[in-house]
Amino acid sequence: MVPFTSQSYFIFLLFLLTIMFNGSMCSSNSTLVPCNEKDQGALLMFKHGVIDRYNNLSSWSIKKDCCAWNGVLCSNITGRVTHLLLEDSYLAGEINLSSLLQLEFLKFLDLNNNEFEAISVDNNNYVTLYDTNLEHLDLSYNQIKGSIPNLIGQQKNLKQLNLSNNQLRGSILDLLSQQMNLEYLDLSSNHFNGLIPEQFSQNNKQLKSLDLSNNLFTGSILSTLGNLSSLRELRIGSNSFSGTISETFFSKLSHLDTLDLSNSTFEFRFHPEWIPPFQLTQLFLASTKLGPYFPSWIYTQKSLRTFDASSSRISIVDEDKFWTLIDQCSLVFMSNNSINLQLSNLTLSTGVLRLDHNNFTGDLPHISPTTIYIDLSYNS
Ligand SMILES: *[C@@H]1O[C@H](CO)[C@@H](O)[C@H](O)[C@H]1NC(C)=O
Ligand SMILES: *[C@@H]1O[C@H](CO)[C@@H](O)[C@H](O)[C@H]1NC(C)=O
Ligand SMILES: *[C@@H]1O[C@H](CO)[C@@H](O)[C@H](O)[C@H]1NC(C)=O
Ligand SMILES: *[C@@H]1O[C@H](CO)[C@@H](O)[C@H](O)[C@H]1NC(C)=O
Ligand SMILES: *[C@@H]1O[C@H](CO)[C@@H](O)[C@H](O)[C@H]1NC(C)=O
Ligand SMILES: *[C@@H]1O[C@H](CO)[C@@H](O)[C@H](O)[C@H]1NC(C)=O
Ligand SMILES: *[C@@H]1O[C@H](CO)[C@@H](O)[C@H](O)[C@H]1NC(C)=O
Ligand SMILES: *[C@@H]1O[C@H](CO)[C@@H](O)[C@H](O)[C@H]1NC(C)=O
Ligand SMILES: *[C@@H]1O[C@H](CO)[C@@H](O)[C@H](O)[C@H]1NC(C)=O
Ligand SMILES: *[C@@H]1O[C@H](CO)[C@@H](O)[C@H](O)[C@H]1NC(C)=O
């Protein structure tokens with residue numbers, strides 16, 4: 001056994017101190033590099049416009065390092081604010097975008113699901129002031145009124161923009177005419193109106209996901225949107241768009257995975273032998289002028305899981321292909337059409353299946369245990 005000398009005791013003590021010192025550094029990254037004073041000032045200016053009923057921002061005081069404030073994340077190397085994450089915090093009042101964009105290193109700004117009513121922008125010198133790193137901006141699910149500030153369109157690094165479920169209005173021509181290179185754009189459930197500019201697709205060639213649904217947009221957009229060849233998700237229903245959708249529109253959209261044209265007045269004209277360049281997993285065509293023929297290209301979709309063609313005037317289907325398609329899906333909504341097929345002796349196994357308000361006849365079908373919900377009401 002090694003004798004316990006004062007020298008080894010000293011080394012042990014040093015070892016212990018090292019562990020403790022390292023430990024304390026780990027538990028307070030932020031004291032290593034203190035919060036940048038300019039960033040602290042910008043955050044406090046933002047807080048000034050916020051109504052904070054539940055004191056979610058009570059940690060935001062100069063007594064504390066701003067990198068330790070609720071919702072604030074900093075780079076552990078530079079001490080600069082990179083993320084502001086204050087979703088679901090019951091915050092109201094206004095979002096002072098000018099002050100937040102003074103956070104030069106801010107990449108991620110998420111204020112979704114609060115009660116903000118306005119975005120305020122300080123119009124002095126902003127063009128030269130703001131050269132930001134903002135990549136992700138989510139202001140969805142608030143009560144923001146007014147139009148989209150131009151300042152948002154000037155964020156050249158922005159990849160994800162989500163303004164859905166607010167009360168924004170006006171034209172978005174200015175925003176969408178700018179070279180932006182967005183990958184995700186969600187403007188759904190607002191009161192935007194007007195046209196989608198021709199330049200939109202050239203300015204955002206990388207766009208993967210576009211949701212314009214539930215607004216007041218007008219015009220024919222098909223030539224523009226058909227050029228967005230990176231699209232995986234396209235949702236444009238519940239607007240006043242016009243035009244005829246045919247296979248030409250989809251010719252470049254080979255990555256499409258989700259298509260939502262619900263509640264629209266588009267005319268559909270597909271060649272009966274057309275085979276799409278995509279395989280969808282989700283297809284929403286409820287309340288459209290799809291029928292009377294069930295479009296045969298839908299039978300080619302072997303990955304389809306969710307399918308909604310309620311109230312779409314369908315009466316003529318290919319019986320075998322129709323049941324094969326229904327069987328492969330886990331959610332099917334075909335209510336309120338005029339489909340006239342025999343159900344006797346069939347075995348239905350779709351998880352959720354609505355065939356109500358049609359003209360199905362015969363005896364009740366067999367229902368497999370995999371079915372969770374089935375509605376066959378209002379048939380014959
Ligand atoms: C310190 O930084 C590391 C790496 O960024 C992180 O995983 C850790 O949670 C931080 N610790 C504190 C107390 O913030
Ligand atoms: C700083 O953060 C990066 C990643 O965010 C991490 O890999 C690194 O270990 C951190 N450095 C320190 C000293 O905590
Ligand atoms: C904000 O406060 C509410 C009510 O106290 C709480 O439920 C919520 O989790 C808080 N949010 C954050 C991000 O701290
Ligand atoms: C918003 O922030 C800017 C920049 O920090 C500031 O000049 C302006 O006064 C602020 N506006 C309001 C309404 O607080
Ligand atoms: C907003 O859109 C972005 C990008 O598509 C997405 O990651 C985010 O989850 C959306 N926010 C909400 C609250 O759905
Ligand atoms: C779509 O792309 C084609 C070929 O690249 C081009 O000629 C046409 O002008 C584009 N249309 C729009 C609206 O961008
Ligand atoms: C359908 O779209 C129209 C506008 O085209 C809109 O007024 C209506 O509310 C939408 N209906 C639903 C159920 O979304
Ligand atoms: C049923 O579909 C027709 C169009 O096919 C539509 O006019 C009607 O509103 C729909 N009814 C319901 C209850 O959805
Ligand atoms: C259902 O199956 C029974 C027994 O195999 C047969 O007698 C009957 O004709 C079938 N009904 C229909 C509509 O195919
Ligand atoms: C329902 O089907 C019967 C024949 O089975 C047909 O006589 C009737 O016209 C159909 N009703 C509708 C509304 O399509």
Side-chain angles (χ1 to χ4, degrees), residues 37-51 85-89 93-104 106-114 116-126 128-130 132 134-142 144 149 151 158-166 182-190 204 206-213 230-235 257-258 262-265 285-292 294 308-315 333-339 354-359 375 377-378:
E37 250 178 64
K38 204 172 142 232
D39 288 359
Q40 176 182 290
L43 288 169
L44 287 175
M45 183 61 84
F46 161 72
K47 185 189 177 188
H48 193 70
V50 175
I51 299 166
L85 309 172
L86 290 169
E87 66 274 20
D88 310 319
S89 300
E94 63 176 31
I95 298 167
N96 187 338
L97 198 59
S98 303
S99 63
L100 290 180
L101 292 180
Q102 285 180 344
L103 302 165
E104 298 155 74
L106 188 68
K107 273 193 169 170
F108 222 90
L109 175 53
D110 191 350
L111 301 175
N112 92 67
N113 207 14
N114 281 288
F116 286 110
E117 290 173 356
I119 299 175
S120 80
V121 168
D122 176 19
N123 282 316
N124 300 325
N125 308 325
Y126 64 79
T128 50
L129 257 170
Y130 308 111
T132 72
L134 195 64
E135 289 179 9
H136 175 108
L137 176 56
D138 190 346
L139 305 180
S140 60
Y141 297 95
N142 278 281
I144 303 169
L151 197 48
L158 202 58
K159 293 197 164 54
Q160 307 194 351
L161 175 58
N162 194 342
L163 300 174
S164 72
N165 289 279
N166 279 290
L182 292 170
E183 288 179 10
Y184 299 87
L185 176 61
D186 189 347
L187 300 177
S188 63
S189 298
N190 279 288
N204 294 283
Q206 313 300 318
L207 203 67
K208 291 191 179 80
S209 169
L210 176 64
D211 192 342
L212 300 176
S213 45
S230 303
L231 272 188
R232 291 166 203 283
E233 179 169 1
L234 177 62
R235 297 177 185 268
D257 167 83
T258 297
S262 310
N263 188 29
S264 62
T265 55
L285 298 171
S287 302
T288 56
K289 298 198 264 177
L290 202 59
F294 189 93
D308 188 351
S310 314
S311 304
S312 56
R313 308 177 184 186
I314 291 168
S315 55
F333 306 94
M334 292 286 301
S335 312
N336 193 27
N337 285 289
S338 309
I339 303 172
R354 289 198 57 173
L355 300 175
D356 54 291
H357 295 87
N358 271 285
N359 199 5
D375 190 344
S377 63
Y378 296 94

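These numbers come from a predicted model, not from an experiment. Remember, it's 1-based here, ligands and their atoms both numbered in the order they're listed.
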Exercise for the section: Find all atoms of ligand 8 within a distance of less than 4.0 Å from any non-hydrogen atom belonging to R313, and give their numbers and elements. Expected result: 5 (O)
Problem - Backbone N/O of I339 and side chain of N358: donor-acceptor pair under 3.5 Å - result: yes
Practice task
Looking only at non-hydrogen atoms, find the nearest pair between L106 and L100 and report the distance.
Solution key: CD2-O, 4.0 Å
Practice task
Would you check, one step at a time, whether the test side-chain contact (heavy atoms from CB on, under 4.5 Å) holds for S312 with N337?
Solution key: CA-CA 6 Å; S312 56; N337 285 289; 3.4 Å; yes
Problem - Geometric N/O contact N336 with ligand 8, under 3.5 angstrom - result: yes
Practice task
Answer yes if the side chains of S338 and N359 hold a donor-acceptor pair under 3.5 Å, and no otherwise.
Solution key: no
Handout entry: Side-chain heavy atoms of E104 within contact of K38, under 4.5 Å
Key = yes
Practice task
Mark yes or no for whether N166, through its side chain, and N142, through its backbone, hold a donor-acceptor pair below 3.5 Å.
Solution key: yes
Practice task
Looking only at distances, please establish whether an N/O atom of ligand 4 is found under 3.5 Å from an N/O atom of D122.
Solution key: yes
Practice task
Give yes or no for whether the N/O distance cutoff of 3.5 Å, strictly under, is met between E94 and ligand 4.
Solution key: no
Practice task
Could you verify whether a donor N or O on one side chain and an acceptor N or O on the other, from D88 and N113, lie under 3.5 Å apart?
Solution key: yes
Give one line per pair: atom of ligand 5, protein atom, distance. Only N/O to N/O under 3.5 Å.
residue	atom	partner	partner atom	Å
ligand 5	2 (O)	N162	ND2	2.5
ligand 5	11 (N)	D138	OD2	2.8
ligand 5	11 (N)	N162	ND2	2.9

Problem - Verdict with supporting geometry, E183 and K159, salt bridge (Lys or Arg N to Asp or Glu O under 4.0 Å) - result: CA-CA 5 Å; E183 288 179 10; K159 293 197 164 54; 5.1 Å; no
